[in-house]
Undergrad: 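Please read through the structure below; I'll follow up with questions.
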Amino acid sequence: MIVTLTLYGALGDAAADGRVTLTLDHGARVADARQALTEHARAHWSDPRESLLARSAFASDSAVLREHDAVPDNGQLSVLPPVSGG
Amino acid sequence: MNPEMLDARIVDIAEGGIDAAAALDFVSDPRFGGLACFVGKVRAQNLGRVVTGISYQVHAALACNLFRGFAERAVQAVDCELKLSIVHATGRLAVGDVAVVVAAGTPHRDEAFRACRMVIEAVKHEAPIWKREHYEDGDSAWSEGCSLCETSREHDAGHARGQHHGHGHG
């Protein structure tokens, strides 16, 4: 499945237009998306920001997801580095 | 929570600021004798650096959905009738601009204070919002924050108890 990851906060300028598109196996889970994004960052980003990725959460448009949750069927994931609202 | 009891919004600063008086109006009700309101503004310094402004980025759809969850938790905690207004800004704010308002209305003051405090803490630590501070020397930096990743949250909780980080208000 084709998955588009939208990068927020300090991750946003890591990729052109703040998005990364990856191909994952059908039935992939959030942990698989995290691993694939980390490998993509190592290969393509000048600074792979592995520590920040490790502390980032993944979300759909309606909920923060857990590692064992399935990647949404619409193939859209948001990558949320540590938050700092208020 | 009844949707009529909650005002949860993200406001683009380019389209106008946040009106704390409007938030208090929203939570006002003839049944309620206690109103509490928290207003967070951009301040002129952080960690020894002079701040000239903050750019906020918000995942608006997710944020508003989570705001509804924060409101549900507050209702459960105070166990009384409750109206809430939760409004956060996005875009580039100047020093003194209002970044966030949380207002709570309940029959009595204790529940209003508790609900307001609970919700603003959730907004600060759990909402998908990021701030980039701009400094007088032209530099800028993303603020450190709280991880929403399940494997990092316990570590962050311990860190937060040990020291204050980020550009907090009040």
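Chain letters run A, B, ... following the sequence lines, proteins first, then strands; residues in each count from 1. Remember, predicted model here, so these are calculated numbers, not experimental data.
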Undergrad: Okay, side chain of B/Ser147, backbone of A/Arg55: is any donor-acceptor separation there less than 3.5 Å?
TA: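 Looks like yes, one N/O pair under 3.5 Å.
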Undergrad: Strictly distance-based, threshold 3.5 Å: is any side-chain N or O of B/Trp130 a donor or acceptor partner for the main-chain N or O of A/Tyr8?
TA: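 Such a contact is absent between B/Trp130 side chain and A/Tyr8 backbone.
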Undergrad: Is the CZ atom of B/Arg49 crowded by more than 12 outside heavy atoms at less than 6.0 Å?
TA: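 Yes.
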Undergrad: Of the backbone (N, CA, C, O) and the side chain (C-beta and beyond), which part of B/Ala61 lies under 4.5 Å from a heavy atom of chain A, both, or neither?
TA: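 When you check distances to chain A, atoms from both the backbone and side chain of B/Ala61 fall under 4.5 Å.
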Undergrad: Under a 3.5 Å distance rule, please check whether A/Asp61 uses its side chain to pair with a backbone N or O of B/Leu62 as donor and acceptor.
TA: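 Judged by distance alone, no pair lies under 3.5 Å.
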Undergrad: Given B/His59, which partner from the list A/Leu80, A/Thr6, A/Val83 fulfils the side-chain contact (heavy atoms from CB on, under 4.5 Å) test?
TA: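 Exactly one candidate clears the test, A/Leu80.
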Undergrad: If I measure from the heavy atoms of chain B, does A/Ser62 come under 4.5 Å with its side chain, its backbone, both, or neither?
TA: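 For A/Ser62, backbone and side chain are both near chain B.
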Undergrad: Using a cut-off of 6.0 Å, state whether more than 12 heavy atoms not belonging to A/Asp73 lie near its atom CG.
TA: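 Open.
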Undergrad: Would you give me the side-chain donor-acceptor pairs under 3.5 Å for residues 20-31 of chain B, sequence neighbours excluded?
TA:
from, atom 1, to, atom 2, distance (Å)
B/Ser28, OG, B/Leu24, O, 2.7
B/Asp29, OD1, B/Arg31, N, 2.8
B/Asp29, OD1, B/Arg31, NE, 2.9
B/Asp29, OD2, B/Arg31, NH2, 2.9
B/Arg31, NH1, B/Glu81, OE2, 2.4

Undergrad: Indicate yes or no for a side-chain donor-acceptor contact from A/Ser84 to the backbone of B/Lys131 under 3.5 Å, with no hydrogens or angles considered.
TA: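 Yes, the answer is positive, given that a donor and an acceptor are paired below the 3.5 Å cut-off.
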Undergrad: Is the number of heavy atoms from other residues, nucleotides or ligands under 6.0 Å of A/Asp17 CG greater than 12?
TA: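 Yes.
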Undergrad: Please collect all side chain to side chain donor-acceptor pair (under 3.5 Å) contacts where either partner lies in residues 4-14 of chain B, sequence neighbours excluded, each pair once.
TA: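 Qualifying pairs: B/Asp7-B/Arg9, B/Asp7-B/Ser85.
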Undergrad: Around atom CG of B/Asp79, are there more than 12 heavy atoms of other residues, nucleotides or ligands at under 6.0 Å?
TA: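 No, not enclosed.
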Undergrad: Search all heavy atoms of A/Ala54 against all heavy atoms of B/Cys149 and return the closest pair with its distance.
TA: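 Between these two residues, the closest heavy atoms are O-SG, 3.9 Å.
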